[in-house]
Every structure is written in C-alpha cells, then in structure tokens.
Amino acid sequence: MSRDPNCIFCKIVAGEIPSTRVLETDRAVVILDINPVVKGHVLIIPRDHYPQLRDLPDELAAHAGSLLPRLARAVVSAVRAEGSNVIINSGGVAGQTIDHCHWHVIPRFDGDPVHWPWPHQAYSGDEMARTASRITDLLDPA
Ligand code: 5GP
Ligand code: ZN
C-alpha cells in the first residue's frame, strides 16, 4: 500500500484524521467533503497514494469509476438534487489542492452557487485535426 506520511488524505484513509464516511471498499473510501461546493458533495479517495490522475493505475481508476453511478444516485437522492457533476482536479493549475488523486461528486440544483458551464474556445484551420493526432500519437499502448 503506497502512502505519503505528509498527505491529509492518506491520514484520512488510515483513520488518523476523522472523516465522515459514506462508503468503503477494499481500494477506496468515500467521504463527505468538509467544505462542500454543494451540501452532499463527496470525495472518492483511493486508499493508495497517487498524486495525480496521470499516475493512477488503470485498474484503480476503473474501480473508482465503477462506484460513480451508484454514488451519483445516492448523493442526488439524499439531498433531493436534480443532477450532479463529477470532476477530478489534476495539478495545481487545475485547482488540485490535495496531491492525492480523488474524484469529486457534487450534487446540483437549479440556482445553486456553482458557476457552470465553463468558457469554450474554437479551433481554427487544421488545428483540431493536428491536436487530435498529437494526442493519439502520445497515448500509451493499452
Ligand atoms: P482538490 O482541490 O484537491 O480537488 O480538492 C480537495 C478537497 O478536499 C476540497 O474540496 C476540500 O474541501 C476537501 N478537504 C480538504 N481537507 C479536508 C479534510 O480534512 N476533510 C475532508 N472531508 N475534506 C477535506
Ligand atoms: Zn495520500
């Protein structure tokens, strides 16, 4: 089991910092976010410490992903929401503040305080095709 002794989420997983848990599996714990974006906001935290999404083993990502539909149903029903957002902030530039990769599941209401959708850009010329082929070329083999 990989662990970072200075990581808040490793301490939460180990029970060294208290948390309000809603689900535990052999590979992840799901807790209420202490400062929710919308009340009912939960965090899926893998038990093992991986700093960013890019570091996660596929199987662990698949396990956490497999919890999402069940969690979304329960979170939305529990707070009588109308929808939900699922997000991973990966890297400080993307808003990650705790460097132990985790999923946010955020219930959403009409008129809640979240500013969404985010702004969109446009591609020009063959930029879209070139960007796609760069990504495809850089994918690790499956
Ligand atoms: P990030 O910004 O890294 O994507 O998300 C970190 C999240 O962890 C934030 O939404 C923050 O409110 C939550 N958080 C930070 N410290 C604690 C804590 O000690 N307990 C719980 N339950 N959530 C925390
Ligand atoms: Zn950690």
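Numbering of ligands and ligand atoms starts at 1, following listing order. Please read these numbers as outputs of a predicted model, since none were measured by experiment.
- Few gaps surround NE2 on His120; more than 12 heavy atoms of other groups in view lie less than 6.0 Å from it.
- Contacts with ligand 1 closer than 4.0 Å are made by heavy atoms of both the backbone and the side chain of Ile34.
- None of Val13, Asp55, Asp4 except one satisfies the side-chain contact (heavy atoms from CB on, under 4.5 Å) rule with His49; the exception is Asp4.
- Residue contacts with ligand 1: Ile17 is excluded, as none of its non-hydrogen atoms falls under 4.0 Å.
- When the heavy-atom distances from atom 4 (O) of ligand 1 to His104, Arg21, Gln96 are ranked, the shortest goes to His104.
- For atom 3 (O) of ligand 1, the closest heavy atom belonging to the protein is Thr97 N, 2.8 Å.
- Note: angle at the Zn ion (ligand 2), from ND1 of His100 to SG of Cys7, is 110° (rounded to 10 degrees).
- Protein heavy atom at the shortest distance from atom 11 (C) of ligand 1 is Asp33 OD1, 3.4 Å.
- Distance alone, capped at 3.5 Å, is enough to place a donor-acceptor pair between the Gln96 side chain and the Pro51 backbone.
- Residue Phe9 has at least one heavy-atom neighbour below 4.0 Å for each of these atoms of ligand 1: 8 (O).
- Per-residue contacts place Ile12 under 4.0 angstrom from the following atoms of ligand 1 (heavy atoms of the residue considered): 18 (C), 19 (O), 20 (N).
- Looking at ligand 1, you won't find any N or O of His41 less than 3.5 Å from one of its N or O atoms.
- Within His49, the N, O or S atom at minimum distance from the Zn ion (ligand 2) carries the name ND1.
- Atom NE2 of His41 and atom CD1 of Ile106 lie 4.0 Å apart (nearest 0.5 Å).
- Asp26 contributes atom CG, which lies 5.5 Å from atom NE2 of His63 (distance to the nearest 0.5 angstrom).
- Ligand 1 has no atom lying under 4.0 Å from any heavy atom of Ser19.
- Atoms of ligand 1 lying under 4.0 Å from at least one heavy atom of Leu43, given by number and element, are 8 (O).
- For Asp110, the CG atom is loosely surrounded, since the number of other residues' heavy atoms within 6.0 Å does not exceed 12.
- When only non-hydrogen protein atoms are considered, atom 16 (N) of ligand 1 lies nearest to Ile98 CD1, 3.8 Å.
- Salt bridge annotation for Glu127-Arg134: absent, with no cationic side-chain nitrogen under 4.0 angstrom from a carboxylate oxygen.
- Between the side chain of Arg108 and the backbone N or O of Val76, no donor-acceptor pair lies under 3.5 Å.
- Classification of the Phe9-His102 ring pair by plane angle, with boundaries at 30° and 60°, yields perpendicular.
- Closest to atom 22 (N) of ligand 1 among all protein heavy atoms lies Leu32 O, 2.9 Å.
- Between the side chain of His100 and the backbone N or O of Pro46, at least one donor-acceptor pair lies under 3.5 Å.
- Within ligand 1, counting atoms from 1 as listed, the ones closer than 4.0 Å to a heavy atom of Asn35 are 12 (O).
- The shortest N or O to N or O distance between His102 and ligand 1 is under 3.5 Å.
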